[in-house]
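Structure, as structure tokens:
Throughout, a chain's letter reflects where its sequence line sits, starting with A, and its residues are numbered from 1. Keep in mind it's a predicted model, so treat the numbers as computed, not measured.
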Protein chains: 2
Amino acid sequence: MEDQKKRILLVEDDPNFGTVLKDYLMMNDYEVTHAKNGMEGFEKFKKDDFDLCILDVMMPYKDGFTLAKEIREKNTDVPIIFLTAKTMKEDVLRGYKVGADDYLNKPFDSEVLLMKIKAIIQRKATETISDSKQFEFKIGSFDLNSKLRFLRFKGGEPVKLSPKENELLRLLALHENDLMPRELALTKIWRDDNYFTSRSMDVYIAKLRKYLKLDEKVEILNIHGEGFRLVVNT
Amino acid sequence: MEDQKKRILLVEDDPNFGTVLKDYLMMNDYEVTHAKNGMEGFEKFKKDDFDLCILDVMMPYKDGFTLAKEIREKNTDVPIIFLTAKTMKEDVLRGYKVGADDYLNKPFDSEVLLMKIKAIIQRKATETISDSKQFEFKIGSFDLNSKLRFLRFKGGEPVKLSPKENELLRLLALHENDLMPRELALTKIWRDDNYFTSRSMDVYIAKLRKYLKLDEKVEILNIHGEGFRLVVNT
DNA sequence: TCTCCTTTTAACCTTACATTAACAAAAATG
DNA sequence: CATTTTTGTTAATGTAAGGTTAAAAGGAGA
């Protein structure tokens, strides 16, 4: 399915190797963001959600370990793979210390890298998300459970939401009574901001409005040229 | 949890290397059982509970992969590390397919091995919290005993479940009323996530639904693109 | 070998989703 | 006020995922 491609942040300063690796990963159905150095890597990391980070150790200005430490401060869960130039024991040990999930010595076999990526991402997937609270929203008389993807009105029969309906409503709920910029939804949910995705989003707004009609206190307002606002009147 | 020493099963046919490695691990506070070949390895595995298996790939009579497969049939969770003589890509890939957690190329640095052991055992420990050793479930009017692989309706005649039926239902039961991601079942039970294993899983869902029809309060719901949900209506 | 049991693969069908088109209605622009 | 841009809404289309049954393939034991 298109929108569940795993996202990889690749930080590698060697432009040749970097682009080749990026292309190779993309050919294997990963969505890859390539940063050319540690700084850029951290900037890109903050901007997006990634399923995996692949960091070159040897980089000017900011090496892979330092970057990994910064990443760990932001996110304790995201898997990290280090690329080390040679079998430097200290590097490997240091890597594990920063919370690496694996490391690979250059030159490495690309298929092996793929295997590792697969194994690591799958491993993370098996770690169950226990804090359900994060997925539950109250919207007027509605309960939205965005993990199980349903919307329930006053404890009645829950209505199933499609992935896009669900994500959009969740994003609106996160900004309840506040502006939810079009651009935000388009980049976060559709991952692309163009005429068609924009129209697609409008279609979904219409669908959500239909669901939410049951509670006349709840409505989605448009702010022309800006975005939408989910309001709950009291 | 346990302040107990972690137990390692080491299967290595080279007597010199084997004993040295065993001693080294014991010096680092692991309890090590050393088997000299695949047969012996499997015998010892059946007799005891281990926290980790370290298997040499190249062994007479029964190689490490075959042994791993047998071990996996008994225990889907125990971490496995392979020792491969050289960087054989096929070996590495085959290892991952059997559910290896990692591999090391001989000769390897002993400290690196220690690091890996630590990381893997640590990882499993956190995983096991949510995925506790539980084998008996009440599902509506059903009793599932996943150790003996049977499902009983209201104390009647138990129905025997096949291994896959059993594991799948168990996984669903562990997540009762919650999402059981497709990916989770595929990686945990099928150890591979592709079109065919996915379809195979759907077939098993159909089988389970047939069994569960006896109790109209119990159903397996699908969450499109995400997974399944075993719900028990009250 | 021939069973029996389990699992995978195939086939066919249904449902779920996302996108695009089409046209209507507001809102902005100038 | 005429025109362009943005949004509202419904419907049509194409594709992917899931439901179900049956046949084929594998595998262990007799």
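- One interatomic measurement links the two molecules: CD of E183(B) to C1' of dG18(D), which rounds to 17 Å at whole-angstrom precision.
- Atom NZ of K74(A) has 12 or fewer heavy atoms from other residues, nucleotides or ligands within 6.0 Å.
- Distance NZ (K160(B)) to P (dT7(C)): 12 Å, rounded to an integer number of Å.
- The stretch residues 192-207 of chain B touches DNA chain D through R199(B), D202(B), V203(B), each having a heavy atom within less than 4.0 Å of the strand.
- Atom CG of N194(A) has more than 12 neighbouring heavy atoms from other residues, nucleotides or ligands inside a 6.0 Å radius.
- Contact between the side-chain N/O atoms of R209(B) and the OP1/OP2 oxygens of dG18(D) is not found at any separation under 4.0 Å.
- In this structure a side-chain-to-backbone donor-acceptor pair under 3.5 Å is missing from N145(B) to E136(B).
- K210(A) comes within contact range of the sugar-phosphate backbone alone, with a heavy-atom separation under 4.0 Å but no base atom that close.
- Remark: C1' of dT7(C) and CZ of R191(B) are 17 Å apart, rounded to the nearest angstrom.
- In this structure, I189(B) places its CD1 atom 15 Å from C1' of dT6(C), rounding to the nearest Å.
- Within the 4.0 Å cut-off from OP1 or OP2 of dA18(C), not a single side-chain nitrogen or oxygen of W190(A) is found.
- Between F65(B) and F82(B), the distance separating the two ring centers is shorter than 6.0 angstrom.
- K188(A) is linked by a side chain to side chain donor-acceptor pair (under 3.5 Å) to nothing, counting only residues two or more places apart in sequence or in another chain.
- The distance between atom CZ of F150(A) and atom P of dA16(C), rounded to the nearest whole Å, is 17 Å.
- The interatomic distance linking K213(A) (NZ) with dT9(D) (P) rounds to 7 Å, in whole Å.
- Both tests do not hold together for R182(A) against F228(A): distance to the six-membered ring centre under 6.0 Å, angle to the ring axis within 45°.
- The separation between H224(A) atom NE2 and dA25(C) atom C1' is 12 Å, rounded to whole Å.
- Nucleotide dA25(D) holds its P atom 19 Å from the NZ atom of K164(B), rounded to whole Å.
- Every residue two or more places apart in sequence or in another chain was checked for a ring pair (Phe, Tyr, Trp, His ring centres under 6.0 Å) with F45(A), and none qualifies.
- Comparing R149(B) and I223(B) along DNA chain C, the residue whose closest nucleotide (by nearest heavy atom) sits nearer the 5' end is R149(B).
- Heavy-atom distances to DNA chain D give each of L221(A) and R182(B) a nearest nucleotide, and the one nearer the 5′ end belongs to L221(A).
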